[in-house]
Amino acid sequence: MSKVAIQRCQTYEYDLVYSSLINIIENSDFPAVENKRVLLKPNILSDSKPELGITTNPVVVEAMVNIVKSKGAREVLVGDSPGLHTPQFHGKNCGIAAVCERTNATWVNFADNPRTHKVNRKTKLNMARVLDEVDVVISIAKFKTHELMYLTGCVKNMFGTLPGLNKSPCHIKAASREKFAALICDIFKESHCNYGIVDGIIGMEGPGPANGTLRQIGLLIGSSDCFEVDEAMRIIMSYKQDDIPILNEGKRKGLTSLTPTWTLLDPNDLIIKDYRIVDVAKKEGLIKSLLIPFLTRGSDRKKAQKRPTPNFDEKLCIRCKRCIDICPARALSLKNNVVTLEETKCVRCYCCHEMCPVAAITIEKDK
Ligand code: SF4
Ligand code: SF4
C-alpha cells in the first residue's frame, strides 16, 4: 500500500508547478536523493513542441530537476529515447535540452553503449546503460490515452529506456495486448524505477499517445508506486477497473497491490465522465477465452490480428516514411507514392500511428 498524492495545478507557471510538486513529494514516499545520482526519465515520444502535449512539459521537468538538486542530489541526469532515435537527439524541440542547459542537468543519450538485460526467462533486451550507473530513477510521464495499452503513464514510460528501434521487436515477441503489457511490466521492473510523477496539467484524450486532442486536466500526481499513479489516471479517465492490461499484469506479477492511500485528493472525486477514452476490446467470455488459445494454436500474432488495422489517409500523408521506418513487422512500403499496408504481416502495434506527424493514420473501433 503506497501513498499517492494528487495535487491541483492549472497552469505551467513555474512557481506554481514547483510548489505543487513539493506538496506531492511531502505527501508521498519520495526516495532519499542526498549525495545520489538521480535519473529523470520524461516522456519524449517524439521530439515535438511542448504545446502539442505529446511530451512531458519542460516546466515539470525543470521543477523536478531543481527539487532533486535542492534535496542534495550529487548529479541529476535526464534522458529518453524516441522510437526513431537519431544520433544527435537531445530533446531540443520539446524544450528539455534547454532545461538541461539552464539547470546544469546532464543529458544522457540512451543509445550510447546500451547493456543487454534479461528481463524475463525468455527475453533479453538492450536497455540504457545509465540505469546501471544511477542510484535513483524517476519516471516523469504524461497523462495520455494510448491506442494499444489504453493509457500511458509512469509504467509504460519506462519502455523508453530501450534505445530507439530496440523497442520494435517487443511488438513481435509480445503481439497480444496482455503479453505486451506483461513485457512492459518486466521492463519496468528491470529499470528499477523508484518514483513516478504524471504531468496531467494538460492531458491527451482520444487516439493517443500522439494524435489525440488536448484537454485541460489541471492535475499533477506522484507516488513511489508507479502502478498506483497509473491507477489514479485510470479512475480519472473513467476506465473500468480491469480495463488496463498493464495494471492487471502488474498486479498479477506482484509488482503492486493496487491498494493506494490517497493522501491529498481522491481520484474518485475527479472522474471526468466524458473523457474520450480508447474503446476497450470486449473481454472474451469464459468458454471463448479457453478456446481461443486452442483455435489460434497459441499464436500471439493471430490473436493480435483480431484487432483493427491502421488506415492511411493518402491526402493527409506527407510521405515522410516514419511509419515505414518504425514498423516492426515490415508491413509497410511506399508503392506508387502511396503508403501501402500488407495486412497479413501487420501485428496491430500502432507504432506507425504514434509516429505519424500529421495524423494521417487512424485506428478504427476495436472488435
Ligand atoms: S503497420 Fe503499423 S500497426 Fe501494423 S505492424 Fe506496422 S507499425 Fe504496427
Ligand atoms: S508517417 Fe504519416 S505522413 Fe509519414 S509516410 Fe506515414 S502516413 Fe505518411
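Every number for a ligand or one of its atoms is a count from 1 in the order of the listing.
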Separation between CE (M233) and OG (S238), nearest 0.5 Å, reads 12.5 Å

To the nearest 0.5 Å, atom CZ of F227 lies from atom CD of E249 at 9.5 Å

With heavy atoms and a 4.0 Å threshold, my read on which part of M355 contacts ligand 2 is neither

Any heavy atom of V339 under 4.0 Å from ligand 2? The part involved is side chain

Short list, please: which atoms of ligand 2 are under 4.0 Å from a heavy atom of [X]?
X    : answer
I361 : 7 (S)
K321 : 4 (Fe), 5 (S)
C317 : 3 (S), 5 (S), 7 (S), 8 (Fe)
V358 : 3 (S)
I318 : 3 (S), 8 (Fe)

Nearest neighbour in protein (non-hydrogen) for [atom]:
atom                    : answer
atom 3 (S) of ligand 1  : Y350 N, 3.2 Å
atom 8 (Fe) of ligand 1 : C349 SG, 2.4 Å
atom 5 (S) of ligand 1  : V347 N, 3.3 Å
atom 4 (Fe) of ligand 2 : C320 SG, 2.3 Å
atom 6 (Fe) of ligand 2 : C323 SG, 2.3 Å

task: Measure centre to centre between the rings of Y275 and Y239, then say whether the value is under 6.0 Å.
output: no

Q. Is the ring centre of F89 less than 6.0 Å from the ring centre of F110?
A. no

Next on the checklist: Would you say atom 2 (Fe) of ligand 2 has C356 as a near neighbour, meaning an N/O/S atom of that residue under 2.8 Å away?
Outcome noted: yes

Side chains of N27 and K3, donor plus acceptor under 3.5 Å: no

Side-chain donor-acceptor contact under 3.5 Å, N126 with T116: yes

Check your understanding: Between N57 and I202, is any pair of side-chain heavy atoms under 4.5 Å apart?
Key -> no

Per-atom filter on ligand 1: closer than 4.0 angstrom to a heavy atom of L341 are 1 (S)

**Item:** Chi angles and distances behind the side-chain contact (heavy atoms from CB on, under 4.5 Å) call for I197, C154
**Value:** CA-CA 7 Å; I197 290 274; C154 287; 5.6 Å; no

Query raised in the report: Within less than 4.0 angstrom of ligand 1, does L332 place any heavy atom?
Result: yes

Using a distance threshold of 2.8 Å, state whether an N, O or S atom of C352 lies below it from atom 2 (Fe) of ligand 1.
yes

- request: Could you give me the CA-CA distance, side-chain angles and deciding distance for V60 and Y12, then say whether side-chain contact (heavy atoms from CB on, under 4.5 Å) is met?
  value: CA-CA 8 Å; V60 177; Y12 287 109; 3.9 Å; yes

- prompt: Checking side-chain contact (heavy atoms from CB on, under 4.5 Å) for the pair I67/I25: CA distance, chi angles, key distance, verdict?
  reply: CA-CA 10 Å; I67 288 170; I25 283 165; 3.6 Å; yes

At under 4.0 Å between heavy atoms, what of H171 touches ligand 1? The answer is neither

Check D132 with R115, please: is the shortest side-chain N to carboxylate O separation under 4.0 Å?
yes

